Amino acid sequence: MGLQSRDWRRWALLVVGWAFVVVGVAGLFLPFLQGVLFLFVGLALLSLASPRVRLLRMRLGARFPAFRAAEARARAWMHKKWRRFRQGS
């Protein structure tokens, strides 16, 4: 029995999210990579596929309001870019 598209999406998000986390951890020690940026992107991707990581992200947002505000700005920016991409301009 094959995997449904929903399962493929979840697995793809998990693999890509963990790859970003690994690169982010390496970036914390390597001067030419933005480690924190990669960690945030990995966390955002993993939170789409994993309830445990989603809960961690919500707790971080409650503990650090600046994190929540930055995440909200980044999400708004991405939605704006995505709408523009979908419209073809």
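Given the structure is predicted, the values throughout are model-derived calculations rather than measurements. FYI, side chains are in, hydrogens and waters are out, and symmetry mates aren't considered; it's all heavy atoms of this structure.
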Give the C-alpha distance, both sets of side-chain angles, the deciding distance and a yes or no for side-chain contact (heavy atoms from CB on, under 4.5 Å) between Val41 and Leu45.
CA-CA 6 Å; Val41 170; Leu45 290 173; 4.1 Å; yes
Verify the cluster assignment for Leu39 and Trp18: are they in a single hydrophobic cluster under the rule of side-chain heavy atoms below 4.5 Å apart?
yes
Under the salt bridge (Lys or Arg N to Asp or Glu O under 4.0 Å) test, residues paired with Arg9 that sit two or more places apart:
none
Distance in Å, Leu13 CG paired with Leu46 CG, rounded so as to fall on 0.5 Å steps:
8.5 Å
Show every donor-acceptor pair shorter than 3.5 Å between a side-chain atom in residues 58-65 and any protein atom, with sequence neighbours excluded, or say none if there are none.
none

Are the side chain of Ser47 and the backbone of Ala44 linked by a donor-acceptor contact shorter than 3.5 Å?
yes
Any link between Val25 and Leu33 through a network of hydrophobic side chains (Ile, Leu, Val, Met, Phe, Trp, Tyr) touching at under 4.5 Å?
no
Do Val22 and Leu37 sit in the same hydrophobic cluster, where Ile, Leu, Val, Met, Phe, Trp and Tyr count as joined when their side-chain heavy atoms come under 4.5 Å apart?
no
Quick check on the hydrophobic clustering: are Val16 and Trp8 connected, directly or via other members, by side-chain heavy-atom contacts under 4.5 Å?
no
CZ (Arg54) and CZ (Arg57) are apart, to the nearest 0.5 Å, by 7.5 Å
Can we call the ring centroids of Phe67 and Phe40 under 6.0 Å apart?
yes
Kindly work out whether a path of hydrophobic side-chain contacts (I/L/V/M/F/W/Y, heavy atoms less than 4.5 Å apart) joins Leu43 to Val36.
yes
